[in-house]
Amino acid sequence: MNLRDDQFWPIEVKWGNQLRSKSIKQIARYGNGEIWRRERSVGEVAGIKALPLPVQLLRVGTEFI
């Protein structure tokens, strides 16, 4: 979960090798949700934006500097 610009931005963190639609059922309920995952490429899983976890953690870390 993330709060940016007074808006709720749900985040699902996955480190496994496979993402199944069953395991991301909750995040799929939100139109602005993101999946942060192990893979290095930006993509989409079941219509949800999927981003590389290490890159996102660096980005979030720099927002507080």
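As a basis for the values below, the full set of heavy atoms in this structure was taken, side chains included, without hydrogen atoms, waters or symmetry mates.
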note = Here the gap from Q56 atom CD to E34 atom CD, rounded to the nearest 0.5 Å, amounts to 6.0 Å
inquiry  = For a quick test of reading the model, state the closest non-hydrogen atom pair linking V42 to R37 and the distance between them.
reply    = C-NH2, 4.1 Å
remark   = To the nearest 0.5 Å, atom CZ of R59 lies from atom CH2 of W36 at 5.5 Å
query = Taking side chain as C-beta onward, heavy atoms only, is K14 less than 4.5 Å from I24?
reply = yes
query = Taking atom CD1 of I11 and atom CD1 of I35, what is their separation to the nearest 0.5 Å?
reply = 11.5 Å
request  = Please answer whether the main-chain N or O of G33 pairs with a side-chain N or O of R29 as donor and acceptor at a distance below 3.5 Å.
outcome  = no
query = Taking the side chain from N32 and the backbone from P10, do they hold a donor-acceptor pair closer than 3.5 Å?
reply = no
key: Point-to-point distance, once rounded to the nearest 0.5 Å, from CZ of F8 to OH of Y30   = 4.5 Å
Same apolar cluster (I L V M F W Y, side chains within < 4.5 Å links), V55/V60 = no
remark   = Tightest non-hydrogen contact, residues S41 and P52, listed as O-CD, 4.1 Å
